Amino acid sequence: MITAGRAPNDLGSDHEPVFDSGRVTPLASAIMLFVALYFVLPGSLLPSVGWQYFGGGPEFQKIHPATYMLVAVFSLSLVVDNVFRRRCLVQLTMDYAFVAFGIAALATSLFAIAARGASAANLIETFALALIVRVSIVALPRKPMVWFRVFIDVLFIIGVVTVLGEFALRRTLIFENVAFYDAATGQIVVTEFRAAGIFGHPLAAAGFFGLYAILNLVSTPMRLSIRCASRLMLSALAFLAILPTGGRSALLVGGLIIVAFVASSAIRSLARGYFSKAGLVWSVFFLTCLVLLLPILYELDVFDVMLARFARDDGSTLSREYAVQMLLNARLEDLWFGMSLPDVMDLQRQFGLVAIENAWINFALICGLVFTVPLMITYLLFMFRSNPLYCVSGIYYVALFQIILSNATNDLWAKNTGFATGLAVIFSFLRRDLVVQREAISSAGRSDVASYRDAPLRYATGMTGRHAGAQPCGER
């Protein structure tokens, strides 16, 4: 049993835990390097380098090359790195929510592939990759995760520059405008201009910016310091960068979650009887900046793309309504056990849909409620029970953002590495032992510190190799 204040005996002493000793292996660094490769070489860029990621080439090219390298390095790490292997096994033997999600994802994927003719590549790139990445980022030492966070900061700066550059020039700089095949007319339809930058798709850019904005906010202790000011400014810039992408869901959901976090932090502070001077100063500062910037942003037409998206839906909302109708009108047998993929495609064409823009409706139509309901329940447990074992409390706001956003896309059903890379980004900001505490925390009014010393901390201690009281986290 792992007790508070003591690291596991096989991971290091109380004073020098193994993963806090500067021990970094080339394999650990390689894992995060290959995760970063998904950002450097997104799927939309692969066809231009001869890798037929979206079909039309050899079957093996339907998998991202980084996936092959990541699986190879992960497997090698399990064989040669005893500490890494032990930490992975701890997750599989103690983190029941993670194991349940893995079993549900595996069962659903096998059924979809074997019985319904779904693409194996899609489910490998989505679920299998995400599970491997999650196991790895919990078991890795600190330094590769810190380096990865620096990479994400640089990626964000480059992403903002390219998105704003595209918006200023009113044309894409790297990728072509998003296009799709319209079955009703038999033509390729190019959508209206929306900035995507280095991310390849405007919704991918909007999702990344929304996630980055929330992570910077919830992971930064409120202090009157340059570091705190820098992180809050990055958060504000990331949120504003959503506007040129036209990502409505990311803007609305991200905005609501940011407001909820600020409000709940203020309420908790007042309830505990202390006042956050830094929180008040930064709130007044950013509200003032917002009031001053709004007229300038309006004159620069920054809101035009987003306002056009709200004014002209382009069928997105209607397509989701049709998808719900397809589910409600399905026969009872099909509702429980699903339909074949060709039948679902025929049903889509009857409604004039290019795609069903909701992952869970895709799963329900093809795999049935027998598989979809357990997958959905374990997915929620994975997001709200498993991940918080290793992260600070801000993870709940991030989980809420991801879950709501997943209902506006079919990313969990389609081939998408964003689920896995999103987990890596989240843990690089919120993993408990990576959260930097700049000043000592007094015990008065900090009941949340005690909450980190309960049963879930046994998992976090086992993964990070840090004793329970070494780095408590105060009010954020």
Side-chain angles (χ1 to χ4, degrees), residues 26-27 29-76 109 112-113 117-130 132-133 136 148 151-152 154-156 158-159 161-163 165-166 169 171-183 186-191 193-208 245 341 345 354-355 409-422 424-425:
L27 291 177
S29 300
I31 288 176
M32 297 314 298
L33 176 64
F34 293 137
V35 173
L37 188 59
Y38 291 107
F39 292 102
V40 176
L41 194 63
S44 51
L45 192 61
L46 289 176
S48 64
V49 296
W51 190 274
Q52 302 304 319
Y53 187 60
F54 300 106
E59 194 67 21
F60 72 89
Q61 289 189 0
K62 292 182 179 180
I63 303 292
H64 198 291
T67 302
Y68 292 109
M69 293 182 281
L70 182 61
V71 171
V73 173
F74 174 76
S75 302
L76 185 60
S109 299
I113 295 168
S119 171
N122 290 15
L123 298 168
I124 290 172
E125 293 279 76
T126 303
F127 289 121
L129 179 62
I132 291 174
V133 169
S136 300
F148 183 74
F151 164 77
I152 293 300
V154 174
L155 182 76
F156 165 71
I158 298 174
V161 170
T162 54
V163 164
E166 289 184 351
L169 298 174
R171 66 180 182 87
T172 57
L173 298 175
I174 303 173
F175 302 97
E176 297 296 330
N177 281 354
V178 177
F180 62 89
Y181 175 75
D182 188 349
Q187 297 179 341
I188 300 295
V189 178
V190 179
T191 62
F193 167 75
R194 292 159 63 188
I198 60 173
F199 300 99
H201 195 286
L203 294 184
F208 177 84
T245 69
L341 195 59
M345 296 299 292
V354 177
T409 67
N410 63 346
D411 284 353
L412 288 178
W413 170 257
K415 181 164 58 179
N416 178 43
T417 59
F419 185 23
T421 55
V425 174

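These numbers come from a predicted model, not from an experiment.
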Would you say the side-chain atoms of [X] pair up with the backbone N or O of [Y], donor to acceptor, closer than 3.5 Å?
X	Y	value
H64	L37	no
K415	G43	no
T126	A414	yes
Q61	W51	no
Y38	T67	yes

Shortest non-hydrogen contact from [X] to [Y]?
X	Y	answer
A118	L341	CA-CD2, 4.1 Å
T162	G197	OG1-CA, 3.3 Å
V73	A30	CG1-CB, 4.0 Å
S136	F74	OG-CD1, 3.2 Å
A196	A205	O-CB, 3.7 Å
F148	M32	CG-CE, 3.5 Å

Is the shortest side-chain heavy-atom distance between F199 and T245 below 4.5 Å?
no

Heavy-atom side-chain contact between V133 and L70 under 4.5 Å
yes

Inspect the surroundings of CD in E59 and state if more than 12 heavy atoms from other residues, nucleotides or ligands are less than 6.0 Å away.
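No, because the 6.0 Å sphere around CD of E59 holds 12 heavy atoms or fewer from other groups.
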
